[in-house]
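The shown structure was predicted, so the numbers you read here are calculated from the model rather than taken from an experiment. Just so you know, ligand 1 is whichever comes first in the structure, and atom 1 is the first atom listed for that ligand.
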Amino acid sequence: MYARIAGTGSFLPKKILTNADLEKLVDTSDEWIRSRTGIEQRHIVEDGETTTDLAEHASRNAMAAAGVGPGDIDLICVGTTTPDFVFPNVGTLLQSRLGIHGCPAFSLEAACTSFMYALSVADKFVRLGESKCALVVGAETLTRIVDWKDRGTCVLFADGAGAVILQPAEEPGIIATHLHADGKYKDLLLYPDGVSSGFKLVREGKAGVQMKGNEVYKVAVNTLGQLVMETLNANHVRKDQVDWLIPHQANIRIIEAIAKRLEMPMERVIVTINTQGNTSAASVPLALDTGIRDGRIRRGQLLLLEAFGGGFTWGSALIRY
Ligand code: COA
């Protein structure tokens with residue numbers, strides 16, 4: 001038994017923050033942001049808009065695309081690092097919004113790789129016969145935890161949500177997922193505050209994402225390069241058999257480096273970073289849904305999804321769509 005993608009959906013908050021807007025907040029320029037990251041604008045939440053709000057819109061779009069209703073969903077698995085509350089988790093908040101009762105609903109946290117982890121977990125539920133219709137979401141309001149005085153990070157991050165519906169199938173579907181992590185890199189990209197550390201930095205007004213951008217960049221390129229080759233080799237797939245690379249959208253230069261490693265022209269890579277920025281856990285399902293809805297990604301094609309994030313965590317999925 002395998003899991004196949006029955007439908008996808010996504011959602012971006014209405015409010016747009018351009019590079020020109022950021023020039024008014026920090027010492028930066030549109031030229032610097034475009035040339036170093038590829039980002040031209042990003043969507044950000046309004047006051048009061050939450051991760052669950054974004055997840056709900058994306059989920060409803062995915063359910064409509066798959067032709068399933070609330071009564072069909074029997075598993076909700078949300079990847080996010082920016083939950084509305086400590087608890088209930090975003091999975092159960094989403095469950096309540098969608099009018100679903102009783103099925104397992106949870107969120108898991110692996111920074112920008114959260115959606116890849118969520119997809120891998122839900123894939124196993126479906127393969128084991130424990131889910132016949134799984135809702136898998138990557139949703140994030142990362143701009144809530146950004147330090148708007150730090151030009152090295154605040155220009156990068158953004159908000160959004162993407163969702164997929166998984167159903168059982170005789171043929172893949174999801175051929176394989178590959179997940180990794182290495183906590184020795186914990187100090188390169190982090191938000192060092194939270195419940196059990198007492199929200200000390202939040203109370204002092206010093207909280208925010210911290211990143212050693214240059215070092216993250218180098219490890220990301222090396223690690224993702226190895227990850228895509230591991231994924232192809234383990235599944236006996238050649239580079240030229242992959243139809244679409246659907247990468248985490250952190251930096252256009254990282255995306256181009258991985259495409260080069262795969263000898264893929266950029267025409268076969270789904271790029272959303274220019275208009276969406278880095279939406280963390282939402283970026284891969286947002287890119288997937290973008291490519292499907294605009295007709296580039298077609299049924300039967302071979303997709304390689306990959307992501308990298310704080311921890312570090314990294315993961316991929318090889319999917320016959
Ligand atoms: N505007 C203008 N200048 C900026 C800037 C900004 N927004 N942010 C940093 N700079 C400056 C730095 O202060 C530095 O100045 P200095 O040379 O006077 O010290 C200069 O630009 C170069 O900084 P550096 O960090 O070396 O730039 P870079 O080419 O590495 O690009 C990133 C910075 C953040 C775009 C890049 O390192 C990156 O994308 N890293 C990976 C980030 C990532 O993927 N994070 C998420 C993983 S999920």
Side chain or backbone of [X] under 4.0 Å from ligand 1, or both, or neither, by non-hydrogen atoms?
| X | answer |
| --- | --- |
| L189 | side chain |
| T153 | neither |
| I33 | neither |
| N214 | both |
| T28 | both |

Salt bridge or not for [X] and [Y], using N-O below 4.0 Å?
| X | Y | value |
| --- | --- | --- |
| E256 | K260 | no |
| R97 | D53 | yes |
| D74 | K132 | no |

Taking only heavy atoms of [X], which atoms of ligand 1 are found under 4.0 Å from at least one of them?
| X | answer |
| --- | --- |
| T37 | 35 (C) |
| V155 | 7 (N) |
| I254 | 44 (O) |
| C112 | 48 (S) |
| H248 | 48 (S) |
| A250 | 44 (O) |

Are I39 and L142 connected, step by step, through hydrophobic side chains (Ile, Leu, Val, Met, Phe, Trp, Tyr) whose heavy atoms are closer than 4.5 Å? yes
Check the side chains of T279 and E140 for a donor-acceptor pair under 3.5 angstrom, ignoring hydrogens and angles.
-> no
State, without any angle test, whether S120 and D123 hold a side-chain donor-acceptor pair at a distance under 3.5 Å. no
Notebook entry, point to check: If you draw the axis of the six-membered ring of Y2, does the NZ or CZ of R127 fall within 45° of it and under 6.0 Å from the ring centre?
Noted result: no
Look at atom 17 (O) of ligand 1 and say whether a protein heavy atom is found at less than 4.0 angstrom from it. no
Within a distance of under 4.0 Å, is there any protein heavy atom near atom 14 (C) of ligand 1? no
Suppose we measure from [atom] to each protein heavy atom; which comes out shortest, and what is that distance?
| atom | answer |
| --- | --- |
| atom 31 (O) of ligand 1 | R253 NH2, 3.6 Å |
| atom 8 (N) of ligand 1 | W32 CH2, 3.3 Å |
| atom 27 (O) of ligand 1 | R36 NH1, 3.2 Å |

Does an N or O from G213, backbone or side chain, lie closer than 3.5 Å to an N or O of ligand 1?
-> yes
**Request:** Give yes if a backbone or side-chain nitrogen or oxygen of S29 is under 3.5 Å from a nitrogen or oxygen of ligand 1, and no if not.
**Result:** no
- Message: Quick check: do V237 and T231 have side-chain heavy atoms less than 4.5 Å from each other?
- Response: no
- Task: Report yes if the side chains of L245 and E306 come closer than 4.5 Å at any heavy-atom pair, otherwise no.
- Result: yes
Within less than 4.0 angstrom of ligand 1, does G152 place any heavy atom?
-> yes
Among M211, R151, E215, K212, closest by heavy atom to atom 12 (C) of ligand 1 is R151
Please tabulate, one pair per line, all N/O donor-acceptor pairs under 3.5 Å involving side-chain atoms of residues 190-202, not counting sequence neighbours.
from: D193; atom 1: OD1; to: F199; atom 2: N; distance (Å): 3.4
from: D193; atom 1: OD1; to: K200; atom 2: N; distance (Å): 3.0
from: D193; atom 1: OD2; to: K200; atom 2: N; distance (Å): 3.4
from: D193; atom 1: OD2; to: L201; atom 2: N; distance (Å): 2.7
from: D193; atom 1: OD2; to: V202; atom 2: N; distance (Å): 2.8
from: S197; atom 1: OG; to: G194; atom 2: N; distance (Å): 3.1
from: S197; atom 1: OG; to: G194; atom 2: O; distance (Å): 3.4
from: K200; atom 1: NZ; to: E204; atom 2: OE2; distance (Å): 3.3

